[in-house]
Every structure is written in structure tokens, then in C-alpha cells.
*Asks:* 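Could you have a look at this structure, given as C-alpha cells, before my questions?
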Amino acid sequence: MVNVATEGVGVADEGAVAERRVCVIGAGYVGLTAAACLAHLGHRVSCVESDPHRLAMIRRHEMPIYEPGLEELVAKGRASGRLEFFSEVAPALVQAEVALLCVGTPPRPSGEPNLSYLAQAARQVAKGAGGDIVVVVKSTVPPGSCEALELVCAEEAAPGVRIRVASSPEFLRESRAIEDFLAPDRVVVGAEHDDVSDLVASLYPPASPVIRCDRRGAELVKYASNTFLAIKVSFANEVAQLCDALGTDADTVLAGVGADQRVGPAFLRPGPGYGGSCLPKDVAGFRAIGESVGTRTLLAAAAEEQNAHAREVIVGKLETALGSLVGRSIAVLGLAFKDGTDDTRDSPGLHIVEQLDKAGATVRAYDPLVHADLARGRRVDSVDQAVRGADAVVITTTSAEFRAIDPSKLAIAMEGNVVFDAAGVTDIPSWSAAGLTVYGVGRGTPLAFHPVVWTPLRWTNATLVPSGA
Ligand SMILES: NC(=O)c1ccc[n+]([C@@H]2O[C@H](COP(=O)([O-])OP(=O)(O)OC[C@H]3O[C@@H](n4cnc5c(N)ncnc54)[C@H](O)[C@@H]3O)[C@@H](O)[C@H]2O)c1
């Protein structure tokens, strides 16, 4: 049974929670954010990171990931003595009541997540626990995982030590991770025992709306949420493709759709498709769950297909605009999967770079937050370097730096004049006035990849028919 308690959302003040001793395993986007925020809320946190490079960075007060406000919160936690970092699980568990597992669950080629890091972390906790402890799985795992992990823990634990496993999936968005952790839309707690459920709920900001359920339900909430968001993004792109064919504006059409309270405007924006470490992986995971229990996940499959198509459409339209991609010089602005993060996992920008490269174009790519040369030698250090002499420019994220591009300066710097603004950041009239030809996703720029021709309609005997008929 699901019990929803909605007491309003707010960012709790420090000290507003009953202090708990929490061990966080994994210092990535989820773990480091959770550790810093839990310390901020007033808990005592020991955070374990097994990657020596990541741990060394944290110890040098450098963040291994980019997340606004994280560096300050980690520094504050360390200065207060509430937040410590460890390389090994056992010493970090001393006195811990709760261990949060925040390790990666990357997809296998089949779509199923690789749970080996999680199983290893659970074993380490079970072996290192000096007394009873609650293990909370924050990583995204398929239904049934927590039950299975509890058996693994029971095998490894010392005699007399009781380890109970709960599910509390994480919903934070990269680039807004702290705000999401401290003022969540909801906290989901899946546990078999009320005292475990209460303990897990007590870790979060006191005003958080808590949804309590069984462990399988909690595990499924995460996959179902991300799959629904992916369907929304893909639907927006499907509408955008229709808008391009009809020569009308998708932002306006989707604003009209999203204004309905039953739908809501979030994630109804056309663009280069979804990417990142979560949506693609979790849609594939949702489908794998369906297959494992014999149900059909038709909408999830359609979202995946449309997402792949949305990327193809961009490269295809660019080819149409340029005549051919062979030997063309193309600047790709945006390598992270969205603005405000350095995460390039399954990013549309990187995918477009690869497709352009395969098609014989010469690519220069730039992203203000991505410093690693993931674009294999094609990354440059500024917008200026990327666009100089380019035949075409592709914009894939809504970065403020791309929004601030002066179209007249861009037109002078480029050799050609084609801009494909997949992120929807340009003002088409002023960019056109600067001599640039701007194409977008659903922005009434009907450069068809599959040539779809709009035939005006006329009335005949109270019926609409194509005007030529
Ligand atoms: N990134 C997101 O936006 C997000 C949001 C919600 C949920 N999730 C889910 O949360 C989980 C973690 O995601 P992430 O993006 O933080 O992953 P990540 O890869 O950034 O971080 C995982 C960290 O765990 C460390 N680790 C692995 N095994 C360890 C062990 N035994 N002991 C100590 N450290 C260990 C790794 O070295 C790494 O630093 C995944 O299941 C993901 O699907 C991610």
C-alpha cells in the first residue's frame, strides 16, 4: 500500500533533523551530493570513495564532478566536522546506523543494469558492520534487487548482526542536484518494516513529502518516472517534426499542450533528444524489467526509437542544408548532455560529433564545462575557435554562453552561414538579419530530412481536401 504524506516542501535548516550517523558509499553525482546535503542537514556523514583519483581530488578540495554549490557545501561539511571521506568501507562504518549505497549501475548491452558494483558495496558493508545496520539503496536498481541484496548481506554479516535493506531511489537532476536533494518533490521509501521506513525518512529534510511503499514498488517508481520523462521528451520532438513539416512553431504548440494542468509544461521542449547517464539507461532498464516479467513496454520502445530518430533528423537536415557533409567544417557547440553539467554520458552533442565525423565532416567541438577531450582531438577551448571558418554551426545545449553569441560576429567568423540550433537558443529574426540561415527543431524552419510537403487545403462540399485534388 502506498501512503502519501504531503506536508509541504522546504529546505530544512541545519540541525532541524534528529542527528543520524550515516555512511555514504560512492562519491559521484548522487553520493557526493547526498553526503554533503546530509551533513548540511545535521547528520554525521562518512563518505567512501574507492576511486583513488576521485578521492584525492576531494581531499585536495577539488570536486571530481561539476555541480553548482557542491564545492561550498562539501567544504562547509568538512569544516564543521560532520563530513569525512574514506577510501575503505570498514573504518567509515564505525557507529553508522545507516549505509547509503550510491554506486553506479551502468547498462549492459542487453539494457539490464550491471549490479556488480552494488553487490560488492553491499558485501563490503555487511563484512564491515560491527552491529545491526540499515542499508539503503539509492542507486537505480530493478525491482527485487533490495530483496536479493538482503540475502547477500545476510551471508556476509558476522553472526548476530542484522542487516535490513531498504530502497530509497534518488531523483536529483544534475546541475540542480543540491536544490533537488534539499527540497525534493517527493522522497520514496520502500521498506518491509515500519522502524526501517521511519529511520530512512528521518534522513531527509523534515518537510519532504514521503511516499512509503514496499521495496519493489519503490524500485519501480524510479524507472517509471524516468521512462515517463523520456516519453514526454520524445513526444515533444515528434510534435516538433510535425511542426517543421507544417511550417509552424513547436514552442507555441507545446506551450498550448503543456498549459493543461493534466499535462504540465516540464520536459515538453523540442531539442536534440534526451541523453545523460539516467534517461537512456532507465528506459532500457524499464524495458528489460518488462521482458523479465513478460509484459510489453510499447511506449518505452517508441520513446527510444523517436529519440534515436531526433538525432538522425539533425544530421540529416544539416546534410540537406549543406548539400554534402564530406569535407565540410562544422562547429558543434555543446558536448555535455545538457546545460549546467560536465556529464557527457550518452550526450546528443557527442553523438552528433560522431555522426558528422563518420559522414566525412571536419568537426571542432566546444562546451564550457567539458574539459576532458572526449571528442577525440576535436575539442577546442572557446566558441571563437570552434566557429572560425566553419561552414555550419550546430548548437546542442542551452548554455548561457551560446545564448550570448552575437550573430553578426558569428556571421563574420564563419565561412558559411548555416546554423542548426537544436537547443532553441537563437532569435531567428535577428540571426537571419545578420545573414545566417537558421534551422531548428520545430521552429517553423521546414528543411525536411524526409521531404514532407504541406499541401494547402480547400473546402469542397463541406469537406477539406488538398487544393490540387
Ligand atoms: N547522476 C544522476 O543524475 C543520477 C540521478 C538519480 C539516480 N542516479 C543513479 O544513482 C547511481 C549512481 O549514479 P552516479 O551518477 O552518482 O554514479 P557515478 O558513477 O558518478 O558515481 C559512483 C561512484 O561510486 C564509486 N564506487 C563504486 N563502487 C564503490 C565502492 N564499493 N566503494 C566506494 N565507492 C564506490 C565510484 O568510484 C564512483 O565515484 C546510479 O544507479 C544512477 O543510475 C543517478
Side-chain angles (χ1 to χ4, degrees), residues 11-17 19-96 98-104 117 121 124 128 138-139 170 172-183 203-205 276-277 335-345 367-374 379 381 399-401:
V11 177
D13 294 330
E14 264 183 292
V17 294
E19 181 187 295
R20 303 281 185 194
R21 291 188 170 265
V22 189
C23 176
V24 175
I25 317 282
Y29 289 90
V30 171
L32 195 51
T33 302
C37 289
L38 290 169
H40 171 76
L41 289 169
H43 301 297
R44 296 213 156 264
V45 183
S46 48
C47 180
V48 189
E49 174 51 57
S50 59
D51 178 337
H53 176 66
R54 278 198 163 184
L55 185 64
M57 285 185 80
I58 296 168
R59 288 192 164 142
R60 286 198 305 270
H61 299 273
E62 291 168 22
M63 292 297 97
I65 52 167
Y66 175 77
E67 197 53 55
L70 187 59
E71 194 172 343
E72 295 77 5
L73 213 58
V74 169
K76 199 173 146 211
R78 294 175 79 176
S80 70
R82 290 189 179 282
L83 176 58
E84 289 181 281
F85 290 93
F86 294 82
S87 58
E88 302 285 335
V89 173
L93 279 177
V94 175
Q95 294 186 320
V98 189
L100 258 55
L101 305 189
C102 305
V103 303
Y117 305 105
Q124 287 168 332
K138 292 214 55 74
S139 303
E170 182 52 60
L172 61 79
R173 292 163 293 177
E174 287 178 20
S175 82
R176 293 186 178 186
I178 290 171
E179 156 192 350
D180 285 348
F181 196 96
L182 294 177
L203 299 175
Y204 291 100
S277 65
L335 286 171
F337 80 93
K338 65 174 184 180
D339 176 38
T341 179
D342 61 349
D343 195 342
T344 55
R345 290 178 278 188
D367 188 297
L369 293 175
V370 178
H371 303 299
D373 192 8
L374 292 164
R379 185 192 165 278
D381 291 326
S399 163
E401 202 175 329

*Asks:* Run through H43, E19, H40 and flag the one making a side chain to side chain donor-acceptor pair (under 3.5 Å) with R82.
*Replies:* E19

*Asks:* Would you give the length of the straight line joining atom CZ of R379 to atom OG1 of T344, rounded to the nearest 0.5 angstrom?
*Replies:* 11.5 Å

*Asks:* If I take atom OG from residue S175 and atom CZ from residue F337, how far apart are they, to the nearest 0.5 angstrom?
*Replies:* 7.5 Å

*Asks:* Are side-chain heavy atoms of R44 and E84 found at a separation under 4.5 Å?
*Replies:* no

*Asks:* Can you tell me how far the CZ atom of F181 sits from the CG atom of L70, to the nearest 0.5 Å?
*Replies:* 12.0 Å

*Asks:* Given 3.5 Å as the limit, does a donor-acceptor pair link the side chain of E170 with the main chain of L172, or not?
*Replies:* yes

*Asks:* Measure the spacing between CG of D343 and CG of L335 and express it to the nearest 0.5 Å.
*Replies:* 12.0 Å

*Asks:* Apply the test side chain to side chain contact (heavy atoms under 4.5 Å, CB included) to residues Q124 and E88: give CA-CA distance (whole Å), side-chain angles for both, the deciding distance (0.1 Å), then the verdict.
*Replies:* CA-CA 9 Å; Q124 287 168 332; E88 302 285 335; over 6 Å; no

*Asks:* When V24 is tested against each of L83, L32, V45 for side-chain contact (heavy atoms from CB on, under 4.5 Å), which residue passes?
*Replies:* V45

*Asks:* Ignoring hydrogens and geometry, is there a side-chain-to-backbone donor-acceptor pair from E67 to R176 under 3.5 Å?
*Replies:* yes

*Asks:* I'd like to know if the side chain of R59 reaches the main chain of F85, judged simply by a donor and an acceptor atom lying under 3.5 Å from each other, with no hydrogens or angles considered.
*Replies:* yes

*Asks:* Please round to the nearest 0.5 Å and tell me the distance separating atom SG of C23 and atom CD of Q95.
*Replies:* 12.5 Å

*Asks:* Hey, is OH on Y117 packed in by over 12 heavy atoms from elsewhere, all under 6.0 Å?
*Replies:* no

*Asks:* Write down the atom of A99, the atom of L93, and the distance for their closest heavy-atom approach.
*Replies:* CB-CD2, 4.3 Å

*Asks:* Less than 4.5 Å apart, any side-chain heavy atom of V103 and any of I25?
*Replies:* yes

*Asks:* What are the two closest heavy atoms between S87 and L55, and how far apart are they?
*Replies:* CB-CD2, 3.5 Å

*Asks:* If only atom types and distance count, is the side chain of E49 paired as donor or acceptor with the main-chain N or O of R54 below 3.5 Å?
*Replies:* no

*Asks:* How long is the gap from OH on Y66 to CD on E71, to the nearest 0.5 Å?
*Replies:* 10.0 Å

*Asks:* Nearest heavy-atom pair of C47 and A27: which atoms, and what distance?
*Replies:* SG-CB, 3.9 Å

*Asks:* Identify the heavy atoms of D339 and S399 that sit nearest to each other, and give their distance.
*Replies:* OD1-CA, 3.3 Å

*Asks:* Hey, is E174 close enough to K338 for a salt bridge, meaning N to O under 4.0 Å?
*Replies:* no

*Asks:* L38 and side-chain contact (heavy atoms from CB on, under 4.5 Å): which single residue from V98, T33, L203, V17 fits?
*Replies:* L203

*Asks:* Can you find a pair of side-chain heavy atoms, one from P68 and one from I178, that are under 4.5 Å apart?
*Replies:* no

